[in-house]
**Q** 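After the structure tokens below, expect a handful of questions from me.
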Amino acid sequence: MLTVGGGRENVDVYFVLSAAPGDSVILTPLNDDGTAAGLAERVGRADLPASVEAAESNDGGPRPRWVWRDTATAYAPLLAAGVRVERCHDLRLSHAILRASSLTAETALARASVSQWDAAAPLQAPGAAGGAGAGTRAGAGAWEHTALFDLSAPQPGDDQTLASARAGAGETEFPGSEPGDARPGEARPGEFRPAEARPGETRPGDARPAETGTRTTATTTVTRTISANEADDLAEFRLQLDAISASPDPNRLRLLLAAESAGALIAAEMSHAGLPWREDVHDELLTELLGPRVAAGLRPERLERLAERIRVETGAAQLNPDSPADVLKALRNAGLTALTTRSWELEKLEHPAIAPLLEYKKLSRLLSANGWSWMEAWVTDGRFVPDYVPGGVVSGRWATRGGGALQLPKQVRRAVTADEGWMLVVADAAQLEPRILAGISGDAAMAGAGRGTDLYAGIVASGAVSTRAEAKVAMLGAMYGATTGESGRLLPRLARAYPTALAFVENAARAGGRGDVVTSRLGRSAPRPGEEWWEAQARAAEGAANDAELSRARQQARDWGRFTRNFVVQASAADWALCWMADLRRTLASFAPLAVPGRAAPPFDREPHLVFFLHDEVIVHTPAERADAVAAALRASAAVATRLLFGSFPIDVPLVVSIVASYADAA
DNA sequence: CGACCCTGCGCG
DNA sequence: AAAGCGCGCAGGGTCG
């Protein structure tokens with residue numbers, strides 16, 4: 001059976017999980033500096049959940065950190081078996097961050113050639129989430145990776161030999177480092193962070209994981225055969241540890257990677273649990289708005305009536321209201337000058353066809369995006385199970401693949417309903433991005449404007465602008481790089497009141513315009529512009545470009561500047577949100593199980609668990625009895641995240657928390 | 001028929 | 001070009 005750290009306490013031990021031939025997995029225990037911590041063990045996949053659970057229990061000792069290529073693929077089968085892990089290190093996500101980060105720019109990892117570690121997230125097998133079934137998903141034919149760890153399936157011929165020497169585990173005490181950030185503030189120690197790695201500290205008998213051959217040491221020598229996968233994983237992990245310790249601020253990156261990996265665990269857990277979804281409520285809502293369900297491809301009654309009215313009012317008997325070109329032609333024939341068929345554009349027009357057209361567009365959108373077909377494809381057994389893609393956006397935001405989980409319209413949120421005896425705790429970080437801007441720029445005036453209050457109201461109170469709406473549009477303009485319109489007009493006033501914050505985003509924009517790399521609070525860097533961009537800039541700088549090319553080059557430089565201007569804010573907000581959720585997850589896991597009737601999938605059937613995340617908002621599904629405690633935990637974790645990012649800088653990120661039966665009732 | 005782009009709109 | 005960031009998705013339309 002697996003043991004961790006020979007019973008020592010306060011030692012981070014990693015278990016690297018690698019696919020091995022014969023439907024098995026190799027677990028290699030490592031110390032936090034990448035040296036061997038014990039003998040590797042081979043476990044059949046069927047027995048893996050039990051082994052993992054045993055290591056997680058460890059009699060009150062430290063929990064291991066699981067190191068694996070891809071959390072979604074590795075963790076889903078564990079969850080399906082009801083087994084949860086506390087911490088992990090996602091090699092692929094970590095690689096992506098370290099590859100791009102300005103903090104690890106000169107490391108071997110950053111200079112390595114493009115490899116399997118730079119590949120996109122593997123696709124999830126339908127139904128891998130466990131709790132809910134596979135369903136019929138659009139594009140299901142594209143699923144490829146169904147096996148456990150098959151990013152590159154092990155070939156028997158690929159095996160090589162490596163000495164894995166048992167180093168004197170247990171001989172030396174390695175207390176964990178202080179918590180992640182250089183300015184940890186009041187953060188609770190020891191949370192979701194890997195302990196300090198110790199470069200240069202090598203003990204006799206340690207085997208470098210990537211070494212081959214047999215090594216005799218003062219203790220024991222073990223020679224065994226390992227798969228190419230295992231060698232790759234160990235080598236990559238070491239490369240990452242080296243890159244981190246070589247960075248100017250290792251703790252910053254350790255925190256980021258721990259939070260990113262925790263996010264991957266959360267995504268897997270949310271897909272396992274699913275978002276509670278009342279199909280009957282959804283169906284009722286659709287029927288009320290659209291008319292009774294009809295076969296896919298047909299228009300429900302209400303839509304058909306609207307389409308007919310539009311045809312009558314425009315005099316276009318054959319009009320297809322789903323075709324923008326058709327609609328445009330019909331409007332012109334009716335004497336209207338419309339350039340596009342966008343709703344906000346049509347709203348300005350005065351004509352009897354406009355009202356039914358706008359209503360048609362609204363309802364038709366509901367039908368195609370979240371109608372019955374969508375429900376059939378994505379909701380199973382009362383759970384909406386989207387496929388989250390942690391790290392799917394360069395800023396660190398998540399993406400989704402299918403299901404449109406990040407665009408759940410307010411129209412259908414009524415269907416998101418807690419199980420009987422359970423509640424939803426919905427929490428939203430109010431005005432997160434401008435607050436993050438105040439934090440990263442160190443703008444005390446802006447931070448002060450938001451302390452304990454609505455930030456936009458605080459900006460109004462400072463006298464910079466006169467209404468909340470103005471404050472909001474001006475702030476958004478500052479973060480997005482508005483140059484014209486109301487937003488552009490208000491910017492100078494904002495800049496006078498908050499010069500530090502405005503200078504910060506201005507600098508980020510200038511850096512981007514030069515092609516320089518910008519970086520989030522915790523160390524996630526934006527990509528550099530592509531080859532084409534550089535070529536255009538070079539031609540412009542050499543004076544080789546004609547007027548059109550010159551203005552295009554300048555335009556591209558401004559565009560990239562707007563991207564980097566926004567990146568520093570958006571990516572730092574994503575840093576914060578990941579820390580928030582990671583800390584929350586740890587707290588929720590510590591709640592005593594509660595025997596309540598419910599339909600939540602084990603291991604979450606007796607305790608609060610995250611079911612939804614959207615940039616600055618989360619939903620926790622909880623036994624009703626625990627709802628208040630969950631609300632308190634959400635606030636506490638927000639405070640932890642704020643301290644982890646900003647230390648003692650006097651800033652707060654207040655939450656708007658609602659305890660509701662239905663998502664539609666959240667504030 | 002699929003691959004691809006465009007339009008439009010949902011979310012933050 | 002709604003004034004400016006980041007996304008995903010569906011449907012129409014075109015091309016090969």
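A, B, ... follow the sequence lines: proteins, then strands. Residue 1 opens every chain. Only heavy atoms go into these numbers, but all of them, side chains included; no hydrogens, no water, no symmetry mates.
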**Q** Pick the P atom in B/dC6 and in C/dA1, then give their distance to the nearest Å.
**A**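 Here B/dC6 and C/dA1 have their P atoms 11 Å from each other.
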**Q** Please list, by residue number, the residues of residues 289-320 of chain A whose heavy atoms come closer than 4.0 Å to an atom of DNA chain B; answer none if no residue qualifies.
**A** none
**Q** Mind checking side-chain hydrogen bond (donor to acceptor under 3.5 Å, both in side chains) for A/Arg414 and listing every partner two or more places apart, or none if nothing turns up?
**A**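 So A/Arg414 forms a side-chain hydrogen bond (donor to acceptor under 3.5 Å, both in side chains) with A/Asp665.
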**Q** Can you check the A/Asp616 CG to C/dG6 P distance for me, whole Å?
**A** 17 Å
**Q** Residues in side chain to side chain contact (heavy atoms under 4.5 Å, CB included) with A/Val379, at least two apart?
**A**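 With neighbours one apart ignored, the set is A/Trp277, A/Glu279, A/Trp374, A/Met375, A/Phe384.
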**Q** Let me know the distance between CG of A/Asn370 and P of C/dG8, rounded to the nearest Å.
**A**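 Atom CG in A/Asn370 sits about 16 Å away from atom P in C/dG8.
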**Q** Taking the basic N atoms (NZ, or NE/NH1/NH2) and the acidic carboxylate oxygens, is any pair closer than 4.0 Å for A/Arg92 and A/Asp70?
**A**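 Here A/Arg92 pairs with A/Asp70 in a salt bridge, since their nearest N and O are under 4.0 Å apart.
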**Q** Rounded to the Å, how far apart are A/Tyr663 OH and B/dG12 C1'?
**A**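 Result: 10 Å.
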**Q** Starting from C1' on C/dC5, measure out to CG on A/Asn566 and report it in whole angstrom.
**A** 4 Å
**Q** Figure out the CD/C1' separation between A/Glu433 and C/dC5, and round it to whole Å.
**A**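 After rounding, the reported distance stands at 8 Å.
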**Q** What residues in residues 471-491 of chain A put a non-hydrogen atom under 4.0 Å from any atom of DNA chain C?
**A**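 Per residue number, the list reads A/Val473, A/Gly477, A/Tyr480, A/Gly481, A/Ala482, A/Thr484, A/Gly485, A/Ser487.
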**Q** A/Pro409 side chain: which of B/dC11, C/dG13, C/dC5 is closest?
**A** B/dC11
**Q** Could you give the OH-to-P distance, from A/Tyr388 to B/dC11, as a whole number of Å?
**A**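 Checked: the OH to P distance equals 16 Å.
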**Q** For the side chain of A/Arg397, starting at C-beta, report the closest nucleotide among C/dG4, C/dC7, C/dG6.
**A** C/dG6
**Q** For the side chain of A/Asp322, counting heavy atoms from C-beta on, which of B/dG12, C/dG8, C/dG12 is nearest?
**A** C/dG12
**Q** Rounded to whole angstroms, how far apart are CZ on A/Phe567 and C1' on C/dG4?
**A**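 After rounding, the gap between these two atoms is 18 Å.
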**Q** For nucleotides C/dG4 and B/dC5, find the distance between their P atoms and express it as a whole number of Å.
**A**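 C/dG4 and B/dC5 have their P atoms separated by 24 Å.
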**Q** Of all the base pairs, Watson-Crick or G-U under 3.5 Å, which form stems of three or more consecutive pairs involving DNA chain C?
**A** B:1-12 with C:5-16
**Q** Is there a donor-acceptor contact under 3.5 Å linking the side chains of A/Arg305 and A/Tyr360?
**A**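 No - no donor-acceptor pair under 3.5 Å links their side chains.
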**Q** What string of B, S and - do you get for nucleotides 1-9 of chain B, 5' to 3', if B is base contact, S is sugar-phosphate-only contact and - is no contact with any protein heavy atom under 4.0 Å?
**A** -------BB
